[in-house]
Amino acid sequence: MSTLTGSFAMPAAENPTVAMVEAAYRHHGLDWRYINCEVAPHFLGDAVRGAKAMGWAGFNCSIPHKVAVIEHLDELGQSAEIIGAVNTIVRRGDAFIGENTDGKGFVQAMREVIDPRGKSVMIFGAGGAARAVSVELALAGASAITVVNRSRDTGRTLVDLLNGRTGTSAELRLWNGSVAVPRDTDIVINATSIGLYPNVDQRLDIDLDSLHPDMVVADGIHNPPRTHLLRSAEARGCRVLDGLGMLVNQGVIGIKYWTGIDVDASVMRQALKNLFQA
């Protein structure tokens, strides 16, 4: 019998995680399967109980279940509890534990380019992705985080969370028109959906001339991997980090939670490249 993992989301048809996780299972000779399931919100509790009843080793949750799934779990990991959202569920004995690997994956990918400890960060957006990334950056020792967001209330909620629950110093900057990045910023992050396929011509409203070679510019968009922001940042001498790194590394962390194995990230990244070029 294969060991089962998978994903619960709605819609689920465009989930690229299936391709990269199953590629990792095959590469490492694991008799494990990753089953992509479309689960309506009113059936989420039934789906979680069903996964537990069938002995699933764990599963991912995506939109719209990342918050709603919490009431159906037995426990939360530290960052998932702070973030208030879960994307990875892990079986420990008879319990389902909720973790959030989105931000962890981002920080792991970030460390291949720059150590966030002691760094100043400007992050665009205050939604789920921004929340996960900024909390993990704060826990990794980022000294200051500026949240740039159009909605004052949503941005203030994230800033208050960071200041109240982590050791970083966070502030809100309202996003009204083009934003110039302060020169002492070390890391610039797009945590919005601006530029995500099929809207590849969308542009982040940022003063590109304020970017300089001492900055690292990261984009959470994974499709296309080389966004307009990253191409523009490279042209100005910045080091860049694409969204594939975040997606792959959160998958690597999730598989480690489930299997205990450190899988080959390059196999997963290649599976995604093949998928997006198809």
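As the structure is a prediction and not an experimental result, all values here were calculated from the model.
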Glu38 atom CD, over 12 foreign heavy atoms within 6.0 Å: yes
Any donor-acceptor pair under 3.5 Å from Arg131 side chain to Ile83 backbone: yes
Audit row: Arg156, Asp160, salt bridge (Lys or Arg N to Asp or Glu O under 4.0 Å) steps and yes/no: CA-CA 6 Å; Arg156 175 54 56 191; Asp160 289 347; 3.5 Å; yes
Single hit among Asp242, Asn249, Asp264 for side chain to side chain donor-acceptor pair (under 3.5 Å) with Arg269: Asp242
CA sep, side-chain torsions, deciding dist, call: Ser178, Asp205, side-chain contact (heavy atoms from CB on, under 4.5 Å): CA-CA 5 Å; Ser178 182; Asp205 199 359; 3.4 Å; yes
Tyr257 versus Thr101, side-chain donor and acceptor atoms under 3.5 Å: no
Spacing of CG belonging to Leu139 relative to CZ belonging to Arg165, to within rounding of 0.5 Å: 9.5 Å
same_hphob_cluster(Val148, Leu162) at 4.5 Å side-chain heavy-atom cutoff: no
Greater than 12 external heavy atoms within 6.0 Å of Asp94's CG: no
Side-chain donor/acceptor of Arg231 to backbone N/O of Arg226, under 3.5 Å: yes
Spacing of CG belonging to Leu229 relative to CG belonging to Asp219, to within rounding of 0.5 Å: 5.0 Å
Plane angle bin for Trp56 and Phe8 - parallel if under 30°, tilted between 30 and 60°, otherwise perpendicular: tilted
Within 6.0 angstrom of Arg152 CZ, more than 12 heavy atoms from elsewhere: no
With sequence neighbours excluded, residues passing side chain to side chain contact (heavy atoms under 4.5 Å, CB included) with Ser151: Asn149, Asp153, Thr154
Interatomic distance, Asp102 atom CG to Leu247 atom CG [nearest 0.5 angstrom]: 9.0 Å
Side chain proximity check, Met246 to His222, heavy atoms < 4.5 angstrom: no
Same apolar cluster (I L V M F W Y, side chains within < 4.5 Å links), Phe276/Val240: no
Ring geometry between Trp175 and Phe124 (parallel below 30°, tilted from 30 to 60°, perpendicular above 60°): perpendicular
Hydrophobic cluster identity match, Val18 and Leu4, side-chain contacts under 4.5 Å: no
Other residues, nucleotides, ligands: >12 heavy atoms within 6.0 Å of Ile261 CD1: yes
Between OG on residue Ser7 and CG on residue Asn87, distance to nearest 0.5 Å: 9.5 Å
Any side-chain heavy-atom pair of Phe96 and Val86 under 4.5 Å: no
ILVMFWY cluster, Met122 and Ile187 together (side-chain gap under 4.5 Å): no
Test side-chain contact (heavy atoms from CB on, under 4.5 Å) applied to Asn100 and Lys104, step by step: CA-CA 7 Å; Asn100 194 308; Lys104 288 183 173 69; 5.6 Å; no
Spacing of Glu22 atom CD and Leu30 atom CG [to the nearest 0.5 Å]: 11.0 Å
Ser143 side chain vs Lys119 backbone, donor-acceptor pair below 3.5 Å: yes
Heavy-atom check, side chain of Thr17 versus side chain of Met20, under 4.5 Å: yes
Interatomic spacing from CD1 in Ile97 to OG1 in Thr88 - rounded to 0.5 Å: 13.0 Å
Residue pair Tyr34 / Asn60, side-chain heavy-atom distance below 4.5 Å: yes
Arg236: which of Asp207, Asp209, Asp214 passes salt bridge (Lys or Arg N to Asp or Glu O under 4.0 Å): Asp209
Side-chain heavy atoms of Gln202 within contact of Thr192, under 4.5 Å: no
Worked check of side-chain contact (heavy atoms from CB on, under 4.5 Å) between Ile35 and Phe59: CA-CA 9 Å; Ile35 303 170; Phe59 56 94; over 6 Å; no
Worked check of side-chain contact (heavy atoms from CB on, under 4.5 Å) between Asp262 and Val252: CA-CA 7 Å; Asp262 291 304; Val252 168; 5.5 Å; no
Modelled atom types, side-chain donor and acceptor of Ser2 and Asp31, under 3.5 Å: yes
Side chain proximity check, His228 to Leu208, heavy atoms < 4.5 angstrom: yes
Gln250 and Ile253, any side-chain heavy atoms less than 4.5 Å apart: no
Non-neighbouring partners of Thr146 that pass side chain to side chain donor-acceptor pair (under 3.5 Å), sequence neighbours left out: Glu171
Salt bridge present between Glu75 and Arg92 (N-O < 4.0 angstrom): no
In one Ile/Leu/Val/Met/Phe/Trp/Tyr side-chain cluster, 4.5 Å: Val39, Ile89: yes
Residues, nucleotides or ligands: over 12 heavy atoms within 6.0 Å of Arg203 CZ: yes
Validation row: Ile255, His28 side chains within 4.5 angstrom (heavy atoms): no
